[in-house]
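Numbers here are sequence positions counted from 1. What you are looking at is a predicted structure, and each value in this text was computed from that prediction instead of being measured.
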Amino acid sequence: MAKKSRLREKSVRIVAPSTIIRNERFQQYKAQIVQQNKEAAKATAFSHLLNEWFSRSTPSLLEDYLKGIEKTVKTDLPPKK
């Protein structure tokens with residue numbers, strides 16, 4: 001008969017490799033947007049990140065995100081004489 005161990009088993013939590021890759025990519029994204037000073041460039045970078053993460057999802061998360069974006073153009077024209 002085997003002797004019963006007095007050691008208690010501890011549960012171990014292992015992080016999935018995809019989570020590690022996603023976290024590394026998010027850190028790269030944060031460093032990238034800090035360097036950019038235009039909102040359009042930041043929005044484009046965010047769209048690329050979403051596309052990278054969720055492009056295979058159905059329905060497409062990226063398409064739903066882009067539907068809600070408003071686009072405006074503002075120009076400062078000199079006064080007419």
Side-chain angles (χ1 to χ4, degrees):
M1 200 156 115
K3 186 176 178 184
K4 199 171 189 181
S5 175
R6 292 185 203 176
L7 297 175
R8 293 180 49 198
E9 291 186 23
K10 294 183 180 181
S11 60
V12 177
R13 185 174 173 182
I14 299 174
V15 179
S18 61
T19 303
I20 295 170
I21 293 169
R22 210 174 298 125
N23 287 342
E24 289 173 355
R25 178 61 183 100
F26 186 67
Q27 295 303 322
Q28 292 172 355
Y29 162 76
K30 288 194 313 187
Q32 179 184 7
I33 63 167
V34 167
Q35 297 171 357
Q36 297 171 340
N37 59 358
K38 297 192 178 192
E39 285 300 315
K42 291 178 182 181
T44 300
F46 185 66
S47 296
H48 286 291
L49 183 69
L50 285 180
N51 187 35
E52 186 178 311
W53 286 354
F54 302 108
S55 62
R56 289 181 246 149
S57 66
T58 305
S60 176
L61 180 69
L62 184 59
E63 289 175 3
D64 293 342
Y65 167 74
L66 292 176
K67 284 180 188 174
I69 293 181
E70 294 181 21
K71 298 184 181 185
T72 59
V73 177
K74 182 179 178 183
T75 58
D76 292 326
L77 299 174
K80 292 184 179 182
K81 294 182 180 181

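Shortest non-hydrogen contact noted between Gln36 and Ala45 is OE1-CB, 4.1 Å. Across all non-hydrogen atoms, the minimal contact from Lys42 to Ile33 is CE-O, 3.4 Å.
Here Thr44 contributes atom OG1 and Lys38 contributes atom NZ; the two are 11.5 Å apart, rounded to the nearest 0.5 Å. For the atom pair CD of Gln28 and CG of Leu49, the computed distance is 10.0 Å after rounding to the nearest 0.5 Å. For the atom pair Arg22 CZ and Glu52 CD, the distance stands at 10.5 Å (nearest 0.5 Å).
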